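What follows is a single structure, written as structure tokens, with notes after it.
For ligands, and for the atoms within them, numbers begin at 1 and follow the listed sequence. We use all heavy atoms of the structure for the numbers below, so side chains are in, but hydrogens, waters and symmetry mates are not. Keep in mind that what you see is a predicted model, and the values were worked out from it rather than measured.
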Amino acid sequence: MPDPLDTVDDAVPALELVVEHARRYLADVRGPVREQGADDAARSFTGSLPDEGSGTLAAVRQLLEQGTHAHIRSGGPRFFHWVIGGSTPAALAADWFAVLIDQNAGGWDMSPIGTQLEELSLAWLQDLFGLPPEWDGVLTTGATTANFAALAAARQWWGEQQGIDVATDGLAGLPEMPVLTSGFVHASCLKALAMLGLGRECITYSIADETGRLDLGGLERGLKRLGGAPAVVIATAGEVNAGQFDPIADMGRLARAHNAWLHVDGAFGLFARISPRTARLTEGVERADSVVSDGHKWLNVPHDCGFAFVRDPMLLTKVFSASASYLADEVYAFRAPDLSRRARSLAVWATLAAYGRKGHRAIVERCLDNAAHVARCVDEADDLELLAPATLNVVCFRYRPAGVPEAQLDELNLRIGRAVLRDGRVYVGTTRWAGAVAFRPAFVNWQTTPADADLMLETIRELGQTLA
Ligand SMILES: *Cc1c(COP(=O)(O)O)cnc(C)c1O
């Protein structure tokens, strides 16, 4: 009868199984993104809870063998769907170490290393992104929870403007919190507003065209109508469909003039600041009240990791503190929704320590080059159509061979999109841009080469020719 206590000596052999597996896995990083049979492999994990376990090594072996066939190689260089990065070697190893020492990074008494590295990583990230050093922040599970934390700080500020401490007294008696934004806003901000008890409907959109671009005059009129009542403006630095940006500096100027909090969602777009080639896209971010970004996207650390930065970190503490007689006062757990937390700072610190400002700028610029390369190929091709300028790392285009009527293009591109995922050599998703179905590969992985990007275009064309 396997009892972990009887098999303590299996821990190191089990880890060695993983290392041996990693050797093969990492050597085959350009293997299929999705293996044929992945669904069956996943469903082969079934059955009822065993009375008698199979033992450490048997269970780990089963996981490695069947699990690998059932996974999506989203950390590999041929994955262009959504916005998902890989793991740099230093981040990968650091994250394994974080599991080995199994820290609860809630505060210093629980984890000196987790706390010190969170403080240092946040300061390094602020430096990397050119955010004022007097701001502070917190590591989260991703940009959704970072948006949640930052908008919770905004809600606290908004309540205080009206003499109400929302964290203590709640929202009762307050009017609706006005939130103004463009059509670029990410679904996770709406989800955050829902979780915060403000409701998705508290948003007023100012939209100039069918791509969702901001109508700046509309935003100004909307703020004026509030007559100085406090409000929140959300700017998006890098929207997911085509990598476009709201005019952050202009929105910041209006927010300042009309008593509004400026929140910037830069889940991947904040990384534009790392390269002088794209930094201008994020001008004005340094004048925001809160800014978020993701670790598991363009920083290339493992899931899950995001960051929220706020001008006044006390607002986070007011919302997220949880005083208890057994807890110290100043802990990171009091800036985030969770109390017990993974030491995700180890991977962040490790990748920044290992590759520095220049290494991470090189990652960003390789991605910019790949996106520019694909945009050029699309522009020059007779059977592909670029739908938006490739401003950053996302290329928005569709397959458009001669002889297929406009009215059939959406259906054709959707069918190719489904076929690409079944094919599995690369992964790339579709979206809608100004109403049209489009592919939108996002370049975020540190290892992607132009040849990987070419394979993506070849796959779309090859499947497109069969389906057209
Ligand atoms: C990905 C993304 C999010 C959500 O981030 P998660 O890490 O998936 O929670 C929010 N905003 C933007 C602009 C994004 O691209």
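- For ligand 1, the atoms sitting less than 4.0 Å from at least one non-hydrogen atom of Phe268 are 15 (O), numbered in the order shown with element in parentheses.
- Ion pairing of Asp250 with Arg253 is present here, as a side-chain N (NZ or NE/NH1/NH2) and a carboxylate O approach within less than 4.0 Å.
- If you number the atoms of ligand 1 from 1 as listed, the ones under 4.0 Å from a heavy atom of Gly238 come out as 13 (C).
- With contacts defined as side-chain heavy-atom distances shorter than 4.5 Å, the pair Trp96/Pro302 does not qualify.
- The side chain of Ser188, and not its backbone, has at least one atom closer than 4.0 Å to an atom of ligand 1 (non-hydrogen atoms only; side chain from C-beta on).
- When each of Arg344, Arg335, Arg341 is paired with Glu118, the side-chain hydrogen bond (donor to acceptor under 3.5 Å, both in side chains) condition holds for Arg341 and for no other.
- The closest side-chain donor-acceptor pair between Thr68 and His21 falls under 3.5 angstrom.
- The closest approach between a heavy atom of Gly306 and any atom of ligand 1 is not below 4.0 Å.
- Nearest residue to atom 2 (C) of ligand 1 from His303, Lys297, Lys191 is Lys297 (criterion: closest heavy atom).
- The pair Asp28-Arg73 meets the salt-bridge criterion, with a side-chain N (NZ, NE, NH1 or NH2) lying under 4.0 Å from an Asp/Glu carboxylate O.
- Annotation for ligand 1: atoms under 4.0 Å from non-hydrogen atoms of Thr144 are 4 (C), 5 (O), 6 (P), 9 (O).
- The shortest N or O to N or O distance between Asp294 and ligand 1 is below 3.5 Å.
- The closest approach between a heavy atom of Val240 and any atom of ligand 1 is below 4.0 Å.
- Note on ring orientation: taking the six-membered ring where Trp is involved, the planes of Phe307 and Phe129 are tilted (angle from 30° to 60°).
- Considering only heavy atoms from C-beta on, Arg277 comes within 4.5 Å of Glu365 through its side chain.
- The distance criterion of under 3.5 Å between nitrogen or oxygen atoms is not met by Asn147 with respect to ligand 1.
- The single protein non-hydrogen atom nearest to atom 11 (N) of ligand 1 is Asp265 OD2, 2.7 Å, given as residue, atom name and distance.
- Looking at Ala267 next to ligand 1, no N or O pair under 3.5 Å apart turns up.
- Between Phe334 and Phe320, the distance separating the two ring centers is not shorter than 6.0 angstrom.
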